[in-house]
K.L.:
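What follows is a structure written as structure tokens; I'll ask about it next.
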Amino acid sequence: MEHKKVRVRFAPSPTGGLHLGGVRTVLFNYLFARQHKGDFVLRIEDTDQTRYVAGAEEYIIECLRWCGLEADEGPHKGGPYAPYRQSERKEMYRQYAEQLVKNGYAYYAFDTPEELEEMRSRLKTEEHPSPQYNHIVRQQMRNSLSLPAEETEKLLAAGTPHVIRIKMPASEEVSFTDMIRGEVQFNTGTVDDKVLLKADGMPTYHLAVVVDDYLMKITHAFRGEEWLPSAPVHILLWRYLGWEADMPQWAHLPLILRPDGNGKLSKRDGDRLGFPVYAMNWLDPRSNEFTRGFREMGYLPEAFVNMLAMLGWNDGTEQELFTLDELVEKFSMERVHHAGAKFNIEKANWFNHQYILKADNQRLAALFMPVLKEKGVQASEEYVATIAGLVKERCNLVNEIWDHGFFFFRQPETYDTAAVKPKWSEVKRQFFLDWASVLETLSDFSLSAVEESFKQLATSMNIKVGELQLPFRIMLCGGKFGPPVFNIAETLGKHETIARIMKALPAFDA
RNA sequence: GCCGCGUUGGUCAAGGGGUUAAGACGCAUCCCUUUCACGGAUGAAUCACGGGUUCGAUUCCCGUACGCGGUACCA
């Protein structure tokens, strides 16, 4: 048991964009697998045909790739336990469900959806808003437990649509050790007879996870806290199938909550509050609804991953910035928080900012090129890299290079002269005129050369250098913003710098 | 309703029977910089509430409240 190779899995259902919380589940799985030199499996849980969305699987795989959290096995690359799509494993599940029936742990149920609905509305009261198909109710329903054996045989032989339900004991304590929460206990009397095999022959999640985790030799099962209430069903299934010795260790991850109020973070919250929730852009093929993702908004994958790691986990020190390798080394399920964490976009931006600061300018430029193209701007990647280096310390997102450096790509149309107008004078005007001619003669247009000539002329004309800098900035940028002004001039180059001075002068005189 | 899981500053959180209850984000003010930003400094919590246990509880126990999750032939 102890030396079994660690195998974990991420088992999303391909129903849409990949949510933040999903990526964090991937992350924790990935970290755990790497730390233990184990395998990380991607399994697609597409057992609900009605919710299947084309393209969602490819999208998920691409998200993992972008985050640098690729799986070792999965539908995209195969592996020793293929297939990795539950729809393709459909035939495997029935036998286990039948086996459970044979051993008295499950039963056939012939109730139609209408009958189920009827039962629920009949039993529903103020006190019991959600009647369950449980050990008491099942006696009044149409199933192999309430019907005479011959009747069941007849129905089955006639091909009557039916499901297979687990037969939950009337009152039994089921407990297990959660790696995060410790001992968790349930009484089986409070959980209903979950459907294991649907009428269409597909397993439900409950049967499929257990069967596949067993077949794929999963040793540790990590999933969101929303699964905790159904854990007893899974535990019992492992037991009833005779596999209890191989049952994985469970860890139910705390939820990621919405920033305002409470509750699970949903895509809707992102739309409402103006931040991404999906890892990457997602276009829903059914509704044509488009949702922006972290990647396209200008987040760096390593920042995204780092931020997610700190949402519900920390190593107990003050360190907040971790490389993936450091996370692999230091991660521990025991230090994962028990309570959910509210998502905070400000903090996410801070993380991104930290990584942008560290990022190579060439890389930032490459990431920013598509944004430039969208703006219809032509520029060399080298030029953009220089600009990235100049403005990155004020960018939280890669895309903000535009907000902080747009003037590198176009001349100002208007000038925010309000701040300098009162102190503007004929002498200053003359300074810029003279300096423009000096610049013409400059063979070296380096930062220091430009700055030197600026100061020299200012001094000779008896003007305070500081009083000239702001006007110069506004001439180049149009306003009071941007990197150090001589850096801007150097980057713009001689010709453009002079052009901008000459173009701006009338606005200053006006 | 029932079952489960939670509850340390606005947010993420460390800590854990005796502390000035870390740190980060955000916010405010200040310094640096005649732009903005970066950087630096300073400020803000009696640890949900009520009972215990104890010389002493934010830390342990029990309740209560509140929040969340589940309660589907969805995952």
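In what follows, chains are A, B, ... by sequence order, proteins preceding strands, each numbered from 1.
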K.L.:
Which pairs count as salt bridge (charged side-chain N to carboxylate O under 4.0 Å, His left out) when at least one residue sits in residues 461-472 of chain A, sequence neighbours excluded?
P.N.:
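Sorted result for residues 461-472 of chain A: A:K428-A:E467.
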K.L.:
Taking NZ, NE, NH1 and NH2 as the nitrogens, is one of them in A:D315 or A:R335 under 4.0 Å from a carboxylate oxygen of the other?
P.N.:
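Salt bridge absent between A:D315 and A:R335.
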K.L.:
Collect all protein-nucleotide pairs involving nucleotides 31-34 of chain B in which both atoms are nitrogen or oxygen and the distance is under 3.5 Å.
P.N.:
from: B:rU34; atom 1: O4; to: A:G466; atom 2: N; distance (Å): 3.4
from: B:rU34; atom 1: O4; to: A:E467; atom 2: N; distance (Å): 3.3

K.L.:
Check whether any side-chain heavy atom of A:K392 sits under 4.5 Å from a side-chain heavy atom of A:I401, and report yes or no.
P.N.:
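Of all side-chain heavy-atom pairs linking A:I401 with A:K392, none is under 4.5 Å.
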K.L.:
Scan for ring-ring contact (aromatic ring centres under 6.0 Å, His included) pairs involving residues 41-60 of chain A, sequence neighbours excluded, and state none if there are none.
P.N.:
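ring-ring contact (aromatic ring centres under 6.0 Å, His included) check on residues 41-60 of chain A returns A:Y59-A:W282.
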K.L.:
Roughly how far apart are A:N349 CG and A:N352 CG, rounded to 0.5 Å?
P.N.:
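Between atom CG of A:N349 and atom CG of A:N352 there are 7.0 Å.
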K.L.:
Roughly how far apart are A:S146 OG and A:Q140 CD, rounded to 0.5 Å?
P.N.:
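Answer for the OG-CD pair, A:S146 versus A:Q140, is 9.5 Å.
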K.L.:
Would A:K421 and A:W424 count as a cation-pi pair here, with the cationic atom under 6.0 angstrom from the ring centre and within 45° of the axis?
P.N.:
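Because its charged atom misses either the 6.0 Å distance or the 45° angle limit, A:K421 does not stack over A:W424.
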K.L.:
Mind calculating the distance between NE2 (A:H135) and C1' (B:rC2) to the nearest angstrom?
P.N.:
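To the nearest whole Å, that distance equals 12 Å.
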K.L.:
Take the protein atom CE of A:M202 and the nucleotide atom C1' of B:rC73, then report the distance between them rounded to whole Å.
P.N.:
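Spelled out: CE on A:M202 to C1' on B:rC73 is 13 Å.
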K.L.:
Is any side-chain heavy atom of A:F222 closer than 4.5 Å to one of A:V8?
P.N.:
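Yes; the side chains approach each other to less than 4.5 Å.
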K.L.:
Quote, to the nearest angstrom, the P distance that separates B:rG17 from B:rG26.
P.N.:
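Rounded to whole Å, the distance is 33 Å.
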K.L.:
For the CZ atom of A:F343 and the CG atom of A:L265, what is their distance to the nearest 0.5 Å?
P.N.:
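Nearest 0.5 Å value for the CZ-CG distance: 7.0 Å.
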K.L.:
In whole angstrom, give me the gap between the P atoms of B:rA44 and B:rA22.
P.N.:
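Between the two P atoms, the distance is 11 Å.
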K.L.:
What residues, two or more places apart in sequence or in another chain, satisfy side-chain hydrogen bond (donor to acceptor under 3.5 Å, both in side chains) together with A:N29?
P.N.:
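With neighbours one apart ignored, the set is empty.
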K.L.:
Taking the P atom in each of B:rA48 and B:rU33, what is the distance between them to the nearest angstrom?
P.N.:
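One P to the other, the span is 45 Å.
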K.L.:
Base, sugar-phosphate, or nothing for A:T47, non-hydrogen atoms under 4.0 angstrom?
P.N.:
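Since only primed, P, OP1 and OP2 atoms lie under 4.0 Å of A:T47, the category is sugar-phosphate.
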K.L.:
Counting any heavy atom closer than 4.0 Å, what does A:D111 reach on the DNA or RNA strands: base, sugar-phosphate only, or nothing?
P.N.:
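Base contact.
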K.L.:
Rounded to whole angstrom units, what separation is found between the CD atom of A:E346 and the C1' atom of B:rC27?
P.N.:
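Distance check: A:E346 CD to B:rC27 C1' gives 10 Å.
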K.L.:
Measuring from the side chain of A:K264 (C-beta onward, heavy atoms only), which nucleotide among B:rC2, B:rC74, B:rG69 has the closest atom?
P.N.:
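Given the options B:rC2, B:rC74, B:rG69, the side chain of A:K264 is closest to B:rG69.
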K.L.:
I need the A:S13 OG to A:R43 CZ distance, nearest 0.5 Å.
P.N.:
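With rounding to 0.5 Å, OG (A:S13) is 12.0 Å from CZ (A:R43).
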K.L.:
Using the P atom as the point on both nucleotides, what is the distance between B:rG52 and B:rU42, in whole Å?
P.N.:
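Nearest-Å result for B:rU42 against B:rG52 at atom P: 42 Å.
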K.L.:
In whole angstroms, how far is the P atom of B:rG67 from the CZ atom of A:R258?
P.N.:
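About 13 Å, once rounded to whole Å.
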K.L.:
To the nearest Å, give me how far apart CG (A:L228) and P (B:rG70) are.
P.N.:
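From A:L228 CG to B:rG70 P: 11 Å.
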K.L.:
Rounded to whole Å, how long is the line connecting atom CZ of A:F10 with atom C1' of B:rA75?
P.N.:
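About 11 Å, once rounded to whole Å.
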K.L.:
Give a yes/no verdict on a cation-pi contact between A:R165 and A:Y133, requiring under 6.0 Å between NZ or CZ and the six-membered ring centre and an angle within 45° of the axis.
P.N.:
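Yes - A:R165 lies over the ring of A:Y133, closer than 6.0 Å to its centre and within 45° of its axis.
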K.L.:
Between B:rA45 and B:rA75, how far apart are the two C1' atoms, rounded to whole Å?
P.N.:
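Here B:rA45 and B:rA75 have their C1' atoms 40 Å from each other.
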K.L.:
Okay, side chain of A:S175, backbone of A:Q185: is any donor-acceptor separation there less than 3.5 Å?
P.N.:
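A pair under 3.5 Å: no.
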K.L.:
Can you name the residues that form a side-chain hydrogen bond (donor to acceptor under 3.5 Å, both in side chains) with A:N396, not counting sequence neighbours?
P.N.:
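Checked A:N396 against side-chain hydrogen bond (donor to acceptor under 3.5 Å, both in side chains); zero matches.
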K.L.:
Which residues, if any, of residues 163-189 of chain A bring a heavy atom under 4.0 Å of RNA chain B?
P.N.:
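Listed by number, they are A:V163, A:R165, A:R181, A:V184, A:Q185, A:F186.
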K.L.:
Could you measure between the two P atoms, the one in B:rG50 and the one in B:rC66, and give it in whole Å?
P.N.:
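Roughly 16 Å separates the two P atoms.
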K.L.:
With rounding to whole Å, what would you report as the distance between B:rG43 and B:rC49 at their C1' atoms?
P.N.:
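That atom pair is separated by 29 Å.
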K.L.:
In whole angstrom, what separates A:L123's CG from B:rU71's C1'?
P.N.:
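It is 14 Å, rounded to the nearest whole Å.
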K.L.:
Quantified in whole Å, what is the C1' atom distance between nucleotide B:rA13 and nucleotide B:rA24?
P.N.:
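To the nearest whole Å, 8 Å.
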K.L.:
Not counting sequence neighbours, list each pair that qualifies as a salt bridge (charged side-chain N to carboxylate O under 4.0 Å, His left out) and has a residue in residues 396-411 of chain A.
P.N.:
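Pairs touching residues 396-411 of chain A that pass the test: none.
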K.L.:
Need one value for A:R120: base, sugar-phosphate or nothing, where a base atom within 4.0 Å counts as base even if backbone is also close, heavy atoms only.
P.N.:
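Sugar-phosphate only.
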K.L.:
What residues from residues 475-484 of chain A pass a heavy-atom cutoff of under 4.0 Å to RNA chain B?
P.N.:
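Nucleic-acid contacts, sorted: A:K480, A:F481, A:G482, A:P483, A:P484.
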K.L.:
Measure CZ/A:F322 against C1'/B:rG23 and give the value in whole Å, please.
P.N.:
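After rounding, the gap between these two atoms is 12 Å.
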K.L.:
Using only side-chain N and O atoms of A:H128, determine if any of them is under 4.0 Å from OP1 or OP2 of B:rC2.
P.N.:
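No, because none of the side-chain N or O atoms of A:H128 sits under 4.0 Å from OP1 or OP2 of B:rC2.
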K.L.:
For nucleotides 37-43 of chain B, give me every protein contact, N/O to N/O, under 3.5 Å, one pair per line with atom names.
P.N.:
from: B:rA37; atom 1: O2'; to: A:E393; atom 2: O; distance (Å): 2.8
from: B:rA37; atom 1: N3; to: A:E393; atom 2: OE2; distance (Å): 2.6

K.L.:
Would you say A:V420 and A:F508 make side-chain contact, with heavy atoms under 4.5 Å?
P.N.:
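A:V420 vs A:F508: side chains touch.
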K.L.:
Is there any protein nitrogen or oxygen under 3.5 Å from a nitrogen or oxygen in nucleotides 10-14 of chain B, and what are the pairs?
P.N.:
from: B:rC12; atom 1: OP1; to: A:K342; atom 2: N; distance (Å): 3.0
from: B:rC12; atom 1: O2'; to: A:M310; atom 2: O; distance (Å): 3.4
from: B:rA13; atom 1: OP1; to: A:G312; atom 2: N; distance (Å): 2.9
from: B:rA13; atom 1: O3'; to: A:N314; atom 2: ND2; distance (Å): 2.8
from: B:rA13; atom 1: O3'; to: A:H337; atom 2: NE2; distance (Å): 3.3
from: B:rA14; atom 1: OP1; to: A:N314; atom 2: ND2; distance (Å): 3.0
from: B:rA14; atom 1: OP2; to: A:H337; atom 2: NE2; distance (Å): 2.9

K.L.:
Just to be sure I follow the notation: if a pair is Watson-Crick (purine N1 to pyrimidine N3 plus N6-O4 or O6-N4) or a G-U wobble (N1-O2 and O6-N3), each under 3.5 Å, what dot-bracket string does RNA chain B give, with | for pairs to another strand?
P.N.:
(((((((..(((.....[....))).(((((.......)))))....(((((..]....))))))))))))....
K.L.:
Could you tell me which residues satisfy side-chain contact (heavy atoms from CB on, under 4.5 Å) with A:V384, sequence neighbours excluded, listed by chain and number?
P.N.:
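A:V384: side-chain contact (heavy atoms from CB on, under 4.5 Å) contacts with A:A365, A:F368, A:M369, A:L372, A:A379, A:F409.
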K.L.:
How would you label the contact of A:E45 with the nucleic acid (heavy atoms, under 4.0 Å): base, sugar-phosphate, or nothing?
P.N.:
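Touches sugar-phosphate only.
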K.L.:
Look at the side chain of A:D269 and the backbone N and O of A:S266, then say whether any donor-acceptor pair between them is shorter than 3.5 Å.
P.N.:
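Yes, because the side chain of A:D269 sits within donor-acceptor range (under 3.5 Å) of the backbone of A:S266.
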K.L.:
Starting at the 5' end of RNA chain B and moving along, which residue's nearest nucleotide shows up first, A:P203 or A:V485?
P.N.:
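Closest to the 5' end, via its nearest nucleotide, is A:V485.
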K.L.:
Can you tell me how far the CG atom of A:L196 sits from the OH atom of A:Y93, to the nearest 0.5 Å?
P.N.:
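The distance works out to 13.0 Å.
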K.L.:
What's the closest nucleotide to the A:T190 side chain, out of B:rC3, B:rC73, B:rG69?
P.N.:
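Out of B:rC3, B:rC73, B:rG69, the nucleotide with an atom closest to A:T190's side chain is B:rC3.
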K.L.:
Would you find a donor on one side and an acceptor on the other, under 3.5 Å apart, between the side chain of A:D284 and the backbone of A:E289?
P.N.:
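Not at all, since once roles are kept as given, no pair shorter than 3.5 Å links the two residues.
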K.L.:
Taking A:E117's backbone N and O only, do any of them form a donor-acceptor pair with A:S121's side chain (distance below 3.5 Å, no angle check)?
P.N.:
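Yes; at least one donor-acceptor contact below 3.5 Å.
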